[in-house]
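Remember, predicted model here, so these are calculated numbers, not experimental data. Every heavy atom of this structure was used, including side-chain atoms; hydrogens, water molecules and symmetry mates were not. One-based numbering, in listed order, for ligands and for the atoms of each.
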Amino acid sequence: MEILNGKTFSAEIKAKVKEDVEEFCKNHKTPLLACIIVEGNKASEIYVASKQRACEACGLLSKVVRLPEDVTQNQLEKVISNLNEDESVSAILLQLPLPKQLDSNRAINAISPEKDVDCLTNQNLGKLFAGNSNFAPCTATGIIKLLERYGIQIEGKNAVVIGRSLLVGRSVASLLEHKNATVTICHSKTKNMEEIIKQADILVVAVGKAHMIGADFVKEGAVVVDVGINRIDEKLLGDVDFENVKEKCSYITPVPGGVGPLTVACLMENTLTLAKLQASKNLK
Ligand code: NAP
């Protein structure tokens, strides 16, 4: 069994982004990532702080727009509209989840597709699912890069993705399918999930239920990617029971130190990608 070390690989990706940013900045303004955070979610605060640190490490600019917990939909969309218009902003990230009074889907689709760094607007998702997008949601991108970094073959494999959010499950399923895996998506209404999971050569779990996948579920020699982040008694646990499952699989991501750091590294890459696309458009 080999650990898929997202922490080490994310450092490599960020070092390459830093080099590319330096090159880009010889002829263009420094790309800026704007993160919108609605207050009241401790985990979101931690994620946004780590995204800011990563920007600094990669030579990218960042700014955080903080909104109170009781912000209205109109106020949020006005902030997004201002960032869309602001030429100093290359990329916009709306930190999810949002409080209950807000419609996430509407807010995401208020972001200009050209600045939609997590590739979540309907327009960008349409391109992604059609297989003609220049970029993809950060977590899904990170997972594919990690598999490829370790030389894991995707083509022809049975891949099972548990979870069907646009942010993770459906976008990683689409990327796996474009890489010629045969993909099954499971969700909360799936029947006989255990039988389906046992067929998986590559298993991606993105649910948000601590240790829901035990060793009994997993096929001998499978590659297991654990996207879940569950905070239990101040500890971070994945959706996979790592200690037991690791004995059975060929590769596995730890939590923490697996998919999480790659999401941040791919966010840096996507920020630069958007800045480059905007620069090439301005030349036409
Ligand atoms: P989400 O939007 O809540 O989606 C969860 C999915 O899990 C849904 O599709 C749901 O099915 C499915 N599900 C729930 N209970 C299930 C069950 N018992 N069996 C099978 N499927 C079940 O969550 P998300 O945004 O995709 O995030 C999932 C997890 O990944 C969370 O722990 C989150 O914190 C973590 N995450 C990590 C990163 C990272 O960088 N590592 C990034 C993003 C998210 P239905 O559609 O039927 O409701």
Side-chain angles (χ1 to χ4, degrees), residues 3-7 9-10 13-14 35 37 41-51 53-54 93-100 102-105 107-108 117-120 125 136-147 160-176 183-198 200 203-214 216-218 224-232 235-242 252-270:
I3 304 268
L4 297 169
N5 191 329
K7 209 170 165 194
F9 184 37
S10 78
I13 295 174
K14 285 189 286 187
C35 296
I37 180 163
N41 184 315
K42 235 171 104 181
S44 292
E45 297 283 350
I46 296 169
Y47 296 143
V48 167
S50 91
K51 287 164 187 176
R53 283 196 302 273
L93 179 109
L94 176 60
Q95 185 66 44
L96 301 172
L98 297 177
K100 286 203 166 51
L102 299 171
D103 179 339
S104 307
N105 187 43
I108 287 165
V117 73
D118 218 356
C119 192
L120 284 177
L125 283 171
C138 304
T139 304
T141 305
I143 292 168
I144 301 295
K145 278 180 182 288
L146 187 62
L147 296 177
V160 173
V161 178
I162 315 180
R164 59 174 163 180
S165 69
L166 291 169
L167 184 67
V168 189
R170 268 191 265 187
S171 49
V172 75
S174 178
L175 294 182
L176 286 165
V183 184
T184 307
I185 301 180
C186 298
H187 47 75
S188 67
K189 307 289 185 289
T190 300
K191 302 255 191 291
N192 302 325
M193 199 166 72
E194 205 168 325
E195 292 313 309
I196 298 169
I197 297 172
K198 278 185 185 150
L203 174 64
V204 180
V205 192
V207 173
K209 283 194 175 20
H211 287 190
M212 73 172 277
I213 300 296
D216 292 352
F217 284 71
V218 177
V224 178
V225 177
D226 188 356
V227 186
I229 301 177
N230 306 284
R231 279 166 212 276
I232 312 280
K235 268 185 81 178
L236 286 190
L237 298 180
D239 289 349
V240 175
D241 180 356
F242 180 86
I252 186 166
T253 60
V255 176
V259 176
L262 285 173
T263 298
V264 178
C266 292
L267 176 67
M268 301 300 108
E269 256 191 5
N270 277 4

### Query
When you look for protein heavy atoms under 4.0 Å from ligand 1, which residues do they belong to?
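Residues within 4.0 Å of ligand 1: T139, I162, G163, R164, S165, L167, V168, H187, S188, M193, A206, V207, G208, K209, M212, V227, G228, I229, V259, G260, T263.
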
#### Entry: Heavy-atom closest pair, residues C119 and L125
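For C119 and L125, the tightest heavy-atom pair comes out as O-CD2, 3.4 Å.
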
### Task
For the pair D239 and N230, evaluate side chain to side chain donor-acceptor pair (under 3.5 Å) and give the outcome as yes or no after the intermediate values.
CA-CA 8 Å; D239 289 349; N230 306 284; 2.9 Å; yes

### Task
Check each of V183, I185, V204, I196 against V160 using the side-chain contact (heavy atoms from CB on, under 4.5 Å) test, and report the only one that passes.
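Considering V183, I185, V204, I196, a side-chain contact (heavy atoms from CB on, under 4.5 Å) with V160 is found only for I196.
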
### Separation of K209 NZ from I162 CD1 (nearest 0.5 Å)
11.5 Å

### Query
What distance separates L203 CG from F217 CZ, expressed to the nearest 0.5 Å?
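Between atom CG of L203 and atom CZ of F217 there are 10.0 Å.
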
### Partners passing salt bridge (Lys or Arg N to Asp or Glu O under 4.0 Å) against K14 (at least two apart in sequence or in another chain)
none

